[in-house]
Amino acid sequence: MTLKTISYTLFGILLLFGIQASEAQETYKKRVLEVAEVSFLSSYYTQDGRNAAVTGGIGTEELTDATGTIVVSIPLNDDDILTVDAGISAYTSASSSNVNPFDGAAPANAFQASSGASSNDVWSNVTLGYGHSSDDRNTSWNTKLAVSIEYDYFSLGFGGGFTRLFNEKNTELGVNANIYLDKWNAIYPSELRPFNTGGRGINDPFFTLNPISGNTNYDPSFTAFEKENRNSYSLGVHFAQILSPKLQGILLVDFVAQQGLLSTPFQRVYFGDVADSFIQSFQLADDVERLPDSRLKVAVGGRLNYYLNEMVVVRSYYRYYTDNWGIRSHTANLEIPVKISDSFTLYPSYRYYTQTAADYFAAFESNLSTDQFYTSDYDLSEYNANQFGMGITYTDIFTNLRLWKIGLKQIDLKFDHYKRNSGLSANIASLAFTFLMD
């Protein structure tokens with residue numbers, strides 16, 4: 001064998017090993033998601049207050065809500081993930097029960113819940129998502145389709161996002177967009193329904209069975225909404241940067257445009273320049289909430305996370321919000337996860353929020369019948385709020401706790417207390433389990 005032949009042979013062997021090594025790298029490329037993940041999430045929410053929008057800015061805001069959600073993430077291959085998110089929420093609401101305060105056994109009163117059919121409801125949602133990552137994991141995109149149903153509305157949503165990593169994955173730029181198409185089945189306060197198109201007004205049998213006191217010439221300036229659709233379009237952009245081995249920051253900008261029926265049809269309004277009419281102890285509505293049919297929202301915010309040491313991380317967040325309805329708001333949030341062992345992490349949190357009132361808000365009996373737009377919904381009022389939270393996370397690093405092919409990955413428990421200076425207070429407890437399925 002000549003030297004030239006030996007050289008070609010060695011080159012061929014090296015080339016063969018190079019091809020095999022390259023194939024091995026592709027074969028053993030790290031998957032975006034190694035195995036299927038299943039998360040079970042539940043929460044229980046309670047609130048109370050004295051400014052119910054259903055009864056024109058006064059009345060009980062008592063509400064309870066129990067929610068259950070399951071999220072399944074399935075790796076289709078090394079690069080693609082299919083996600084199914086399904087949830088159901090069942091609530092009882094003292095305020096919404098007073099959409100028809102006269103269908104219960106007790107005398108009607110804004111500060112007492114009716115026991116009628118509108119006192120509870122169920123909301124359900126299903127979201128399908130698909131995500132793809134490039135071979136080098138520097139580029140990813142996702143898309144989703146969502147459907148939500150409640151007794152008085154149907155919502156169809158779809159959207160997607162794109163993310164790109166630069167600078168050896170130290171810099172991230174992302175964009176996401178969503179469209180939601182909603183359809184109301186408008187439900188109006190019971191005393192206004194006889195005045196709807198084709199109704200008989202004050203001669204309706206409803207008023208024969210329920211005689212009026214106070215101003216007996218009850219004649220509200222009510223007409224039903226002609227259109228019951230609402231479309232929402234959102235665009236979000238984020239820029240994240242690793243600033244140092246211990247510091248990471250992210251900037252966020254969000255735009256939302258809404259068109260259509262932005263008023264809530266069953267929220268009453270009482271005018272200060274109209275004499276009051278009553279049935280039992282319940283004041284009859286002068287009209288329902290009327291708001292513009294378009295709204296533009298803009299929010300600018302940022303996060304700054306600092307790794308203090310192996311035990312403590314400081315996570316901070318700030319957002320400024322403005323819209324063309326006159327609301328300006330500030331949100332500040334601080335969370336400090338504390339690792340107390342290899343498996344357990346505590347994370348106390350605090351959130352402060354403050355906003356100005358919408359141009360169309362006025363308290364009970366402070367709107368005027370000559371106004372074009374009006375509402376007494378205290379969510380659109382001027383207020384500030386504090387929220388205190390405490391959570392604990394258990395992480396089973398090696399998924400030692402197993403049942404057949406299912407291993408426990410994480411348990412998360414959190415409790416939050418929320419308080420507005422307007423008097424509304426709320427508590428929410430949430431519990432989540434995440435499992436891996438081999």
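One side chain, Asp80 or Tyr130, offers a donor N or O that lies under 3.5 Å from an acceptor on the other. Using a 3.5 Å distance cut-off with no hydrogens or angles, the side chains of Thr127 and Asn125 do pair a donor with an acceptor. Judged purely by distance below 3.5 Å, without hydrogens or angles, the side chains of Thr64 and Thr46 never pair a donor atom with an acceptor atom. Checked by atom type, the side-chain pair Trp123/Tyr153 shows a donor-acceptor distance below 3.5 Å. Residues Ser155 and Asp182 bring a donor and an acceptor atom of their side chains to less than 3.5 Å of each other. Between the side chains of Gln283 and Glu365, at least one donor-acceptor pair of N or O atoms lies under 3.5 Å. Inspection of the Asp85 and Thr69 side chains reveals no N or O donor paired with an N or O acceptor under 3.5 Å. Looking at Thr55 and Asn98, their side chains never bring a donor and an acceptor atom within 3.5 Å of each other. Checking Asp412 against Thr393 by side-chain atom types alone, a donor-acceptor pair falls below 3.5 Å. Using modelled atom types and a 3.5 Å distance limit, the side chains of Asn305 and Tyr307 yield no donor-acceptor pair. The closest side-chain donor-acceptor pair between Ser422 and Asn51, if any, does not fall under 3.5 angstrom.
You'll find the side chain of Pro220 reaches within 4.5 Å of the side chain of Leu192, heavy atoms only. Side-chain contact check for Leu209 versus Phe102: every heavy-atom pair is 4.5 Å or farther apart. Residues Thr345 and Thr395 form no side-chain contact, since every pair of their non-hydrogen atoms from C-beta on lies 4.5 Å or further apart. In this structure the side chain of Asn142 never reaches within 4.5 angstrom of the side chain of Ile81, judged on heavy atoms. Residues Arg295 and Gln259 are not in side-chain contact: their nearest non-hydrogen atoms beyond the backbone lie 4.5 Å or more apart.
Take Tyr394 and apply the ring pair (Phe, Tyr, Trp, His ring centres under 6.0 Å) test, not counting sequence neighbours, and it matches Phe344.
No donor-acceptor pair closer than 3.5 Å links the side chain of Ser263 to the backbone N or O of Pro265. No side-chain donor-acceptor contact under 3.5 Å links Ser316 to the backbone of Leu334. Here the side chain of Thr163 pairs no donor or acceptor atom with the backbone of Ser140 at under 3.5 angstrom. In this structure, the side chain of Thr264 does not engage the main chain of Gln267 through any donor-acceptor pair within 3.5 Å. The backbone N or O of Ala285 lies less than 3.5 Å from a partner atom in the side chain of Glu191, making a donor-acceptor pair. A distance-only check finds no donor-acceptor pair linking the side chain of Asn167 to the backbone of Lys169 [under 3.5 Å]. The backbone N or O of Arg328 lies less than 3.5 Å from a partner atom in the side chain of Thr356, making a donor-acceptor pair. Panel note: side chain Ser89, backbone Ser124; no donor-acceptor pair is recorded below 3.5 Å. Checking side-chain atoms of Trp325 against main-chain N and O of Ala357 turns up no donor-acceptor pair under 3.5 Å.
The aromatic rings of Tyr320 and His330 sit tilted relative to each other, their planes meeting at an angle between 30° and 60°. Note on ring orientation: taking the six-membered ring where Trp is involved, the planes of Phe207 and Phe195 are perpendicular (angle over 60°, cut-offs 30° and 60°).
Tyr44 and Ala66 get closest at one heavy-atom pair: CD1-CB, 4.2 Å. Across all non-hydrogen atoms, the minimal contact from Leu262 to Leu291 is O-CD1, 3.9 Å. Nearest heavy atom pair, residue Phe225 against residue Glu289, reads CZ-O, 3.5 Å. Minimum heavy-atom separation, Ser369 to Asp273: OG-OD2, 2.8 Å. When all heavy atoms are compared, the tightest approach of Asp79 to Arg137 is OD1-NH1, 2.8 Å. Closest heavy-atom contact between His417 and Ser425: CE1-CB, 4.5 Å.
Taken from OG in Ser73 to CE in Met437, the straight-line distance is 12.0 Å, to the nearest 0.5 Å. Note that CD of Glu150 is 11.5 Å distant from CG of Asn185, once rounded to the nearest 0.5 Å. Note that the CG atom of Asn170 and the CG atom of Leu165 stand 9.5 Å from one another [nearest 0.5 Å]. Distance CG/Asn210 to CD/Gln280: 6.5 Å, rounded to 0.5 Å.
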Next item on the list: Start with the C-alpha gap between Lys414 and Asp416, add the side-chain angles, then the distance that decides, and say whether salt bridge (charged side-chain N to carboxylate O under 4.0 Å, His left out) holds.
Entry: CA-CA 7 Å; Lys414 195 169 192 295; Asp416 288 284; 2.8 Å; yes

Check against side-chain contact (heavy atoms from CB on, under 4.5 Å), Tyr352 and Asn384: CA-CA 8 Å; Tyr352 176 77; Asn384 59 66; 3.6 Å; yes

Given Phe255 and Leu296, is the side-chain contact (heavy atoms from CB on, under 4.5 Å) satisfied, shown in steps? CA-CA 8 Å; Phe255 304 91; Leu296 179 63; 5.5 Å; no

Please evaluate residues Asp377 and Arg268 with respect to the criterion salt bridge (charged side-chain N to carboxylate O under 4.0 Å, His left out), reporting the C-alpha separation (whole Å), side-chain torsions for both, the decisive distance (0.1 Å), and the verdict.
CA-CA 9 Å; Asp377 184 350; Arg268 292 176 174 86; over 6 Å; no

Would you check, one step at a time, whether the test salt bridge (charged side-chain N to carboxylate O under 4.0 Å, His left out) holds for Arg50 with Glu61? CA-CA 6 Å; Arg50 310 288 284 179; Glu61 295 179 87; over 6 Å; no

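The six-membered or imidazole ring of Tyr383 lies near that of Tyr353, with a centre-to-centre distance under 6.0 Å. When ring centroids are compared, Tyr180 and Tyr233 stay outside the 6.0 Å threshold. Between Tyr378 and Phe361, the ring centre distance stays below 6.0 Å.
Salt bridge Asp379/Arg420: present, at least one basic N to carboxylate O contact under 4.0 Å.
For Lys227, the NZ atom sits in a loose shell: 12 or fewer heavy atoms of surrounding residues, nucleotides or ligands are nearer than 6.0 Å. Other residues, nucleotides and ligands contribute over 12 non-hydrogen atoms within 6.0 Å of the CE atom of Met390.
With Phe239 as reference, Thr171 is the one residue of Leu252, Thr171, Ile250 to meet the side-chain contact (heavy atoms from CB on, under 4.5 Å) rule. For the side-chain contact (heavy atoms from CB on, under 4.5 Å) criterion with Pro194, the lone passing option out of Asp204, Asn203, Ile202 is Asp204.
Cation-pi contact between Arg164 and Phe162: absent, since separation from the ring centre below 6.0 Å together with deviation from the ring axis within 45° is not met. Taking the centre and axis of the six-membered ring of Tyr188, the NZ or CZ atom of Arg193 falls outside the cone set by 45° and 6.0 Å. Judged by the 6.0 Å distance and 45° axis criteria, Arg290 is not positioned over the aromatic ring of Tyr374.
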